[in-house]
Each structure stands twice: as C-alpha cells, then as structure tokens.
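What follows is a set of notes on a single structure, which appears directly below.
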Amino acid sequence: MRVVVGVGGGIAAYKSCSLIRSFTENGHHVRVIPTESALEFVGRATFEALSGNPVHTGVFTDVPEVPHVRLGQEADLVVVAPATADLLSRIAAGRADDLLTATLLTARCPVLLAPAMHTEMWEHPATVANVATLRSRGVTVVEPASGRLTGRDTGSGRLPEPAEIHALAMLLSERDDALPQDLTGRKIVVTAGGTREPLDPVRFLGNRSSGKQGYALARVAAQRGADVTLIAGYTSELADPAAVEVIHVKTAHNMHDAVRKYAPEADTVIMAAAVADFRPTTIAASKIKKGAHEPDSIQLVRNDDILAGLVDARRNGEIADSTVIVGFAAETGDENGDVLTYARTKLRRKGCDLLVVNAVGDGKAFEVDHNDGWLLGADGSESALGDGSKALLASRVLDAVVSVLTSAPSPLSDHG
Ligand code: CTP
C-alpha cells in the first residue's frame with residue numbers, strides 16, 4: 001500500500017517517527033510530507049532515513065514530476081500525525097500553500113488526521129468547527145488522548161500512541177471508508193482482558209485473554225463518538241486507548257461490581273472479558289509451601305455470571321429496558337457439537353441481544369491481532385464477521401450495535 005504520512009509542526013512530531021516505522025515494517029511504501037514547521041522538531045534526514053524516500057515540504061521541488069498532484073493521486077491512505085490547530089484550519093479551508101495541503105486536496109483515498117494541541121486550542125470553537133467540517137467531508141479526525149501535554153499541563157489534546165494511530169489507519173483502509181460518528185451521545189461499557197483469582201499472595205488462576213479484542217472495541221467505539229468506559233482485567237500490557245475512561249480490576253468479583261456500577265448509565269454493555277467461572281474457595285493468607293507431602297487439591301466455588309446477571313437486572317427493571325447487552329463466546333466445538341451449535345445454545349442461555357462467536361484453538365483468537373467469527377442475534381439472525389483485524393471486527397460488531405440502538409428492522413448487516 002502507498003501511504004503518505006503528513007507531519008504537522010508540533011512537539012508530538014517526534015512520535016510520527018514510530019508511526020512511519022510501523023508502516024514501513026508492515027511492508028508499506030511510505031512518503032513523508034512534513035510542514036516547514038515540523039522540520040523545526042524533527043530533521044529531514046530522520047524522515048528520509050525512516051521512509052527510504054526523499055522528503056520535501058514545498059511544491060517547487062521536482063517540478064517536472066508534479067509531486068503536489070501525483071503523491072495525493074497515487075496514495076492509498078493519508079495519515080497526518082500530529083495535525084496542529086493551524087494545519088486543521090488550513091486543510092478545512094482547502095488551502096494548498098505547501099506540499100502537504102496540496103496533497104490532501106488531490107487525495108481520494110481514506111484520510112486520517114490525528115490532532116495534537118493544547119486543550120484550549122482543541123476546545124476552541126474555531127477548531128471544533130474545523131473538525132466538524134472535515135468530518136462532514138468524510139475525513140476521519142481522531143479523538144485525542146487525555147494526559148500530559150507539553151510542559152506541566154494535562155488535559156485532552158495529546159497525540160494518541162503511534163500503535164493506536166496505526167491500528168485506526170489500517171481500519172480505515174480495511175473499511176475503505178471514514179469512521180462514522182454514529183455513537184455520538186451514547187454511553188458504552190466494554191469489559192476486556194482476563195480476571196485473576198488469587199490462591200495465595202503470589203499465585204492465581206488466570207486465562208490467556210490478551211484483552212486486544214475488548215480494547216479494540218473500546219477504541220473504535222470512542223472514535224465513533226461514544227462515551228466509553230473500559231473495565232479492564234489483566235491484558236498483555238496494552239496501553240489505555242485514547243479518549244476512553246479505563247477502570248482496572250483484578251478478580252471476577254471486582255469486575256462484577258464495576259459492571260453493575262456503570263451499567264445503569266450505559267446504552268450498551270459489551271462483555272468481551274474472559275471472566276473466570278470459578279475461584280478458589282479460600283485464599284491463603286501466606287504463600288502455600290510445597291512441604292513434604294503431595295499437595296491438597298484446590299477447592300473451587302462458582303463466580304457470578306456477570307452477563308446473565310445483567311440480563312436479569314434488565315428484566316427486573318434495575319437497568320433500562322433499552323440497554324443493549326452483547327456477549328462473547330470463545331468455543332472450540334467437540335464431538336457433541338460444532339462451534340455454532342454451542343454458541344446458539346449459549347445465546348439462549350445468557351439471554352443477551354448479540355453474541356460474538358470466536359472459534360478458538362490453533363492460534364486463533366487468543367493473543368493474535370487478527371480474528372474472525374460470527375455474530376448471532378437474539379432475533380435468530382446470524383452473520384459471518386469475516387476475517388480481519390480486531391479493529392475491523394470491533395467496527396462490525398459496533399455496526400450491529402448501532403442497528404439495534406436505532407432499532408433498524410434487522411440488527412445485523414450482511415458482512416458475509
Ligand atoms: N461471562 C460473564 N461472567 C462469567 C463468565 C462469563 O459475564 N462468570 C461472560 C463473558 O464475558 C462472555 C460470555 O459470558 O461475554 C461467555 O463466556 P464463556 O466463558 O464463553 O461462557 P460460560 O458461561 O463460561 O460458558 P462455558 O460453559 O462455555 O465456559
């Protein structure tokens with residue numbers, strides 16, 4: 001794929017180096033187009049070495065090649081990170097006063113802009129209007145992260161981590177379309193990762209969940225405008241997604257309490273976490289020693305089923321009737337039934353509105369970046385989610401959630 005990486009003149013320009021690297025390492029052909037002021041932060045030589053291509057800022061270099069038209073026309077994806085307030089304003093106004101803005105006017109491929117600026121600039125009505133204009137034209141403008149800005153201040157306006165920008169950019173190219181803002185005003189709770197049930201101060205019963213699918217759901221929902229709370233168990237050290245409130249929990253019991261705290265406010269609850277079904281009956285106060293004898297067997301007691309409990313709570317009126325509840329099922333199938341047979345039974349047993357089904361085993365689903373599966377609806381609908389990145393699957397699950405939320409006749413779109 002031919003990727004143009006535009007770089008605006010802000011301190012976060014240094015993060016664009018990792019982003020460029022992630023594109024080249026994944027085999028893409030990268031052309032970097034910084035603004036003149038971006039070169040105040042990162043040198044031209046760095047961009048040339050990382051991309052393996054010449055780097056220019058103006059339209060009067062290599063004139064016979066007409067680069068200000070050709071680079072945009074030939075691009076399969078344009079990503080601008082960081083996009084400063086000034087750059088957003090110039091792009092929204094349709095200016096073409098340097099190579100980057102000229103390229104953006106000629107590009108017809110998906111375009112992703114990742115803003116980074118101080119909170120006051122991000123919240124200024126001029127910037128808000130520019131972002132709205134750009135989104136209305138089909139440009140994806142990423143919600144910035146909150147956290148430490150240049151200097152001592154903190155707030156919204158931080159550039160998301162390069163890995164996150166990369167994942168969102170690849171999602172755009174997989175969808176071949178902008179990310180819609182169709183979850184604006186919706187509150188979504190997502191659980192992710194695995195719970196750990198302690199045996200003693202150093203040991204636990206856990207599982208292989210990496211949390212990647214749940215994090216992708218939270219990330220994409222936030223970028224589609226939702227107000228997202230992510231209740232995260234243990235993951236493979238995933239960074240908090242931008243613009244998402246993250247609550248870290250340890251045990252199934254902790255996760256249960258957090259879900260029940262946030263669910264009453266939510267329009268949708270997505271249970272992507274791998275919750276331990278059982279916990280040790282007792283937790284030893286000090287480390288269990290091996291001693292001279294064979295070990296005692298571990299007595300287990302059942303944990304509450306958070307998902308089934310939510311469905312009961314909805315039935316009892318403790319949470320709103322309109323709350324959409326989504327479950328996950330990781331199945332292997334066996335001699336008594338295949339993956340989908342087990343999943344259909346699970347959907348009926350749990351009583352949720354949608355069930356995302358993953359076939360697991362043989363390097364599928366766990367710890368990897370790709371996923372595939374099916375989506376089953378309580379109305380009997382079934383569709384294949386198709387193979388793709390976890391971000392793409394997240395986006396397809398969210399398409400179905402949007403359909404249920406807006407009560408379209410069929411909750412599932414056909415992604416077969
Ligand atoms: N789940 C839950 N609380 C539990 C266990 C599971 O909320 N104590 C949720 C998971 O987050 C997931 C769904 O239930 O959304 C299905 O999880 P799974 O482990 O596949 O279901 P189980 O009911 O444990 O079924 P199985 O007998 O196949 O283990």
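Numbering of ligands and ligand atoms starts at 1, following listing order.
Checked by atom type, the side-chain pair T282/Q299 shows no donor-acceptor distance below 3.5 Å. Using modelled atom types and a 3.5 Å distance limit, the side chains of T103 and R70 yield no donor-acceptor pair. With 3.5 Å as the limit, one finds a donor-acceptor pair spanning the side chains of N303 and R279.
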Return a table of N or O atom pairs, ligand 1 on one side and protein on the other, at distances under 3.5 Å, rounded to 0.1 Å.
| from | atom 1 | to | atom 2 | distance (Å) |
| --- | --- | --- | --- | --- |
| ligand 1 | 3 (N) | I306 | N | 3.0 |
| ligand 1 | 7 (O) | I306 | N | 3.3 |
| ligand 1 | 7 (O) | L307 | N | 2.8 |
| ligand 1 | 8 (N) | D304 | O | 3.0 |
| ligand 1 | 11 (O) | M271 | O | 3.3 |
| ligand 1 | 11 (O) | A273 | O | 2.7 |
| ligand 1 | 14 (O) | K350 | NZ | 2.9 |
| ligand 1 | 15 (O) | M271 | O | 2.7 |
| ligand 1 | 15 (O) | F328 | N | 2.9 |
| ligand 1 | 15 (O) | F328 | O | 3.3 |
| ligand 1 | 20 (O) | K346 | NZ | 2.5 |
| ligand 1 | 21 (O) | K346 | NZ | 3.2 |
| ligand 1 | 23 (O) | K350 | NZ | 2.7 |
| ligand 1 | 24 (O) | D277 | OD1 | 2.9 |
| ligand 1 | 24 (O) | D277 | OD2 | 2.9 |
| ligand 1 | 25 (O) | K346 | NZ | 3.2 |
| ligand 1 | 28 (O) | K346 | NZ | 2.8 |
| ligand 1 | 29 (O) | D277 | OD2 | 3.4 |

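The shortest side-chain heavy-atom distance between D305 and D277 does not fall under the 4.5 Å cut-off.
By the 30° and 60° cut-offs, the orientation of the rings of Y234 relative to F204 is parallel.
In terms of the side-chain contact (heavy atoms from CB on, under 4.5 Å) criterion, residue partners of A226 (sequence neighbours excluded) are, by chain and number, L183, I188, A221, V228.
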